[in-house]
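Here is the structure we will look at.
Letters go in sequence order (proteins before strands), and every chain restarts at 1.
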Amino acid sequence: MNADAQRKRAVGHILLFAAGLLVLTAISAGSVHLVNKAREDSRSVQRTLEVENQLSVVQLQLRRAESAQRGYLATLRPDFRRDFEQAMSELTPALTRLSQLISDNPVQRQLINEMMPLYDQRIEEFRTTMELARSQRMNDAAKIVREGIGRDTMKHIDDLAGRMRAEEDRLFTERTTNADRSQALAASITGIGSGFVVVLAGIAIFLVRRSSRARDVADAKLRDSHLNLEATIDERTADLREANDEIQRFAYIVSHDLRSPLVNIMGFTSELEELRGDIFKRIAALSRAQSAVPATAENATDTAEPELQGADKQLSEDFSEALEFIKSSIGKMDRLISAILNLTREGRREFEPVAIDTKELIEGIVTTVAHQAAEAQAEIRIEALPNIVSDRLALEQIFSNLIDNALKYLKTGVPGEISVRGRTKLGFAIFEISDNGRGIDPKDHQRIFDLFRRAGTQDKPGQGIGLAHVRALVRRLGGTMSVASELHQGSTFTITLPINWSANRNTRI
Amino acid sequence: MSNPVSIIMIEDDEGHARLIERNIRRSGVNNDIIPFTSGTAALNYLFGKDGTGLDHKGSALLILLDLNLPDTSGIDILKRVKENQYLKTTPVVVLTTTDDSQEIKRCYELGCNVYITKPVNYESFANAIRQLGLFFSVIQVPPAAT
């Protein structure tokens with residue numbers, strides 16, 4: 001899975017989430033709006049109903065007033081008059097309420113404006129007749145009733161009321177429809193929104209499952225490659241080990257086989273040396289015989305020290321010089337071969353991890369070099385050191401080589417100060433051996449660890465093996481080593497070794 | 001050394017052989033020295049045509065053996081000599097460049113009588129061989145037959 005696809009997927013997730021949020025917001029807003037609208041619609045419906053109700057109340061009270069008038073006219077009983085007054089008292093507020101309710105509707109307002117004078121007229125008629133009746137003018141009252149004006153007015157009022165009711169019915173139907181529509185819309189919006197959310201959730205679940213599947217696949221791949229890596233490492237380790245063994249064997253055999261001809265060269269060089277003695281003795285004798293020097297008698301007994309003259313003497317010296325060079329070279333070669341042999345022998349030794357009191361070990365080494373230290377006027381200081389589990393002999397060789405070097409390469413005329421420090425870090429023990437000696441040029445830092453290579457003034461005996469050997473040992477012990485130094489500024493060698501080294505880990509590599 | 005003892009020198013390097021012979025002679029040993037430059041030739045001589053070593057029944061031998069031979073390993077020769085019923089009493093002096101302690105131990109385990117490392121330093125080498133010659137002149141070698 002590459003980074004591009006991953007980024008795409010992340011963007012997809014964010015978009016999906018945003019879309020879901022948007023849909024939910026839209027649904028909520030829509031629902032709130034529609035609920036409000038529905039509430040308004042139902043309030044309108046309610047008002048329509050109330051209008052009709054009030055209309056009925058008005059008509060009822062009018063009818064009640066009429067029947068009370070008739071009753072009064074017929075009987076003149078005060079009960080009817082009281083009834084009439086009561087109807088009147090209820091009619092007026094009902095009318096007021098009705099006109100309030102329909103004040104927003106121009107059609108109804110017109111109707112009620114038309115109706116109001118009729119009411120007034122009708123009520124006036126009732127009062128007039130009842131007043132006449134009370135003052136015993138029954139005939140006048142009956143005449144007014146008989147004229148039928150009141151009936152016409154009444155009919156007109158009923159007609160107007162019918163029209164108002166019709167209008168209200170129309171409004172009612174309209175508002176009900178509106179309310180229904182609003183509710184239906186709200187329901188459908190909620191439904192569609194929910195559907196959207198469900199779909200989005202489905203997509204989200206699909207995406208999550210897909211990415212978790214991808215992660216599982218990646219996990220499996222990672223595990224596989226991890227296993228592969230381990231197998232590869234094992235393989236490489238085995239290869240390295242084999243190569244290392246091969247090199248060890250090779251070095252061993254080569255150094256052995258080199259030794260054999262060396263014995264011959266050395267042997268026959270020595271034979272030559274003896275022959276040289278014989279030859280020059282004879283040359284001396286011959287030249288003496290030729291020149292017939294009077295001193296012959298005197299020298300005749302001296303066979304060991306033939307006297308050579310001029311060119312012969314020169315020849316003899318050249319001969320000796322050549323032989324000396326050959327012999328010193330052989331000696332050097334022999335030392336190198338011995339060194340390689342020792343190294344390969346070290347490389348083949350099995351290490352044995354034991355608990356080591358490092359301070360005690362280094363104190364032991366310091367005791368053995370006490371004589372050199374005194375000669376160089378050097379002081380070796382040992383600070384607190386961590387104890388480790390490692391191979392004792394290897395550790396002794398490492399530290400004694402480094403301390404030897406520190407003593408060997410001090411500045412002449414300056415009292416030496418050598419210190420050994422130690423600390424631990426993350427399962428490793430770090431040792432530092434510092435001196436105030438002649439130091440090492442940074443360009444030689446790598447070189448000094450190479451076999452048979454040395455740096456600086458070559459005024460001390462040595463084969464250039466010590467540090468190569470030390471580094472090989474440190475590596476075999478699973479550690480590393482480095483040097484920090486400037487010319488004339490002293491050197492610090494740092495060795496990092498595992499605190500708990502076990503032989504079956506990192507051996508022979 | 002009683003006269004019939006002959007020295008079998010198994011050494012592939014002729015230079016070494018020459019140096020050894022010369023220095024043995026210098027120490028005054030005049031016994032026969034029979035040189036072999038390969039293990040096979042030496043084995044053929046030691047064990048004879050029938051391979052039993054019967055040829056040398058009754059003769060006194062001393063073997064000077066180099067371990068690094070081109071055809072057979074000196075260790076094998078040592079082993080075969082020490083396993084052979086006629087030859088096993090023959091003294092074997094291993095004279096070789098190998099100074100590996102494991103190798104030395106192995107040789108003694110197989111019955112080698114003396115193990116000498118060839119020094120590169122010629123003085124030491126010559127000295128060692130001369131002393132070996134002196135050693136030869138006093139050593140008593142039993143006849144190979146039993």
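Within a 6.0 Å radius of CZ in Phe250(A), no more than 12 heavy atoms belonging to other residues, nucleotides or ligands are found. Summarising the local packing, CD of Glu242(A) is surrounded by 12 or fewer heavy atoms from other residues, nucleotides or ligands at distances under 6.0 Å.
Residues meeting the side chain to side chain contact (heavy atoms under 4.5 Å, CB included) test with Ile283(A), sequence neighbours left out: Ile279(A), Phe280(A), Leu308(A), Asp312(A).
Interface with chain A: from residues 18-28 of chain B, residues Arg18(B), Leu19(B), Arg22(B), Arg26(B) qualify, criterion being any non-hydrogen pair under 4.5 Å. Proximity to chain A among residues 72-82 of chain B is not found for any residue, judged by heavy-atom separations below 4.5 angstrom.
The salt bridge (charged side-chain N to carboxylate O under 4.0 Å, His left out) analysis of residues 5-15 of chain B, with sequence neighbours excluded, yields the pairs Glu11(B)-Lys118(B).
Here the side chain of His16(B) pairs no donor or acceptor atom with the backbone of Val263(A) at under 3.5 angstrom.
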